[in-house]
Amino acid sequence: MTMQAEPAEAQAASGSNRMIWADAIHKSYGRNDVLKGIDLEVAAGEVVCLIGPSGSGKSTFLRCMNHLETVDDGIMWVAGRVVGYEMKGDRLHEQSYAQVCRSRTKIGMVFQHFNLFPHMTVLGNIMEAPTVALRQKKSVVRERAMRLLEQVGLAEKAQHYPRQLSGGQQQRVAIARALCMEPSLMLFDEPTSALDPELVGEVLKVMKDLARTGMTMVVVTHEMNFARDMADRVVFMDGGVIVEEGPAAELITNPRHPRTKEFLASVL
Amino acid sequence: MSTLTTSTFGKSSRSSDGFTIVKAKHPGRWIAAGVLLALVALVLYSVFTNDRFGWPVVAYYFTDFSIARGLLITLELTVISMVIGMALGVILAVMRLSPNPVVRMAAAAYVYFFRGTPVLVQLLFWYNLAALYPTINLGILGLQFDANAVITPMFAAILGLGLNQGAYMSEIVRAGLLSVDSGQVEAAGALGINRFHTLRRIVLPQAMRVIIPPTGNETIGMLKTTSLVSVLAVPEVLYSAQVIYARTFDTIPLLIVASLWYIVVTTVLSIGQYYLERHFARGSQRELPPTPLQKIAYLFRVHDRRLPVSTKTDQENSR
């Protein structure tokens, strides 16, 4: 590892309203280079969509933001702190799992396959992490959980088990579960890819509502309409690098790079 | 085969289009059932006419005090050994999945030794521990025990059965842990839930569905394995029966008494297992499977619904 962080840069990272600063992120599985030096900044309150063909590394990049994947080279900053490491002078000390968990409580994540806990009710799913990881009082958490369930339109399903819900409903519960931790950043990993087409809309609506509240969101998606309408910025990735990025409407309606054009032509 | 008839007598019934359905006959099934029933009748006849079964003696000793006390010790041994086995099983299973190779190897070695030797030999070993270590010295605590005093037959039995069971349970628990989708651990991690809570609140409850059926099996197996402890002169059910027949020479009746008690407890355990499995099926099925009582209730409900239909055809038939 050749990670060298200049203290000046570190200060810049924590001082600005930058939520994410990815600095030359490299990642490989064996000989397969998945990320080949990715630079990206996301401001607080910004909604950024990552698009690109499958295998382009966009999910892996997203998972580096909450240390579900470790970075091989380069530094990932989230909310002014290095992800997965403790900075002491010019040394980066790998964090213990407990420390990693603590920083993850500020980052919500929504998965392609929902990953709800099937043995817990909807309410139990939402209340689990705030009561166990943040040690908040059950009564307080329950109130917040019910409010969130109302927001995603599933208040009457509180006592149901995940398997009794449709895919769209499960994903809305998963979003409420992540929001109940009161995160300052939300990561979405292809949240609508596992859904039947007629269920995609209800999940996107919840995400749009969330975007309007000023939540910082990074969304890996194939929903070009959502990207065009809701994203402040769209990032097109291919082959482990960022090919093109820009304001949503501009990049999607008027892409410059031929590879972006080719990709958009195939999905739109 | 359906034929056009006007009569609806016998096992045939009329379908809506006027054809009469004649049900297929299964002569093979009748013959097989007949042969088996005849064999059962023969066995029962012999069981109840052969005086040497000594049924009055069985009845006399079935509720005997020393047998009842033996049964309690059998149950005690089963419960304590299984609790030790399960606790050890979980610890060993987690150790087997540890990222630390030394921890992983230690757990594997434990399983290797305890699974590789007969439990009867292990029991004798623990029983004779004093021959190996006359004094047990817990050096750090400054405690010292006389091995002969500490290793009572009961203690040796619990050690032997429990430690052996831990090796088997660890494999069962490991299979259970591996059966849980890795996305569950990822979701818990992304929510900031630490390793311990992820295991206790997310993974283990889901693994239970896989763990419980073989564990029920192991519990029933343990109930019967406790009879091995009779070689250490622990007065459990079998040993109590042996003590009596050594005196009265009613060997067969007392072995029947012991067997009957094993069957009774096994039956109770099987019922308990059913309800336990039902409890941990929460969320894995849209509806819980019915309890036996509910099953009986459904049976009657279905019959109630069908009743008017069948009486109608009966009336038609009698016409």
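Worth saying up front: this structure is predicted, and the values here are computed from it rather than measured. Chain A is the first sequence line, chain B the second, and so forth, proteins listed ahead of strands; every chain is numbered from 1.
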Query raised in the report: Quick one: OG1 on B:Thr267 to CD1 on B:Ile220, what's the gap to the nearest 0.5 Å?
Result: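 Going from the OG1 atom of B:Thr267 to the CD1 atom of B:Ile220 covers 8.5 Å.
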Query raised in the report: Could you state the interatomic distance from CD1 (B:Ile202) to CD (B:Gln184), rounded to the nearest 0.5 Å?
Result: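 Between atom CD1 of B:Ile202 and atom CD of B:Gln184 there are 7.0 Å.
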Measure distances from [X] to the heavy atoms of chain B and classify the residue's part below 4.5 Å as side chain, backbone, both or neither.
{"X": "A:Arg177", "value": "both"}
{"X": "A:Phe111", "value": "side chain"}
{"X": "A:Leu68", "value": "side chain"}
{"X": "A:Leu134", "value": "neither"}

Report task. Name the orientation class of the two ring planes belonging to A:His67 and A:Tyr85 (parallel below 30°, tilted from 30 to 60°, perpendicular beyond 60°). Result ->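 Judged by the thresholds at 30° and 60°, the geometry between A:His67 and A:Tyr85 is perpendicular.
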Query raised in the report: Once the angle between the rings of B:Tyr110 and B:Phe114 is folded into 0 to 90°, is it parallel (under 30°), tilted (30 to 60°) or perpendicular (over 60°)?
Result: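 Parallel.
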Query raised in the report: Between B:Glu186 and A:Arg63, is a salt bridge (Lys or Arg N to Asp or Glu O under 4.0 Å) present by the stated rule, with each step listed?
Result: CA-CA 11 Å; B:Glu186 228 166 52; A:Arg63 290 161 60 88; 2.7 Å; yes
Report task. Using a cut-off of under 4.5 Å on heavy-atom pairs, state which of A:Glu128, A:Met109, A:His160 scores highest against chain B. Result ->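 Option with the greatest count: A:Glu128.
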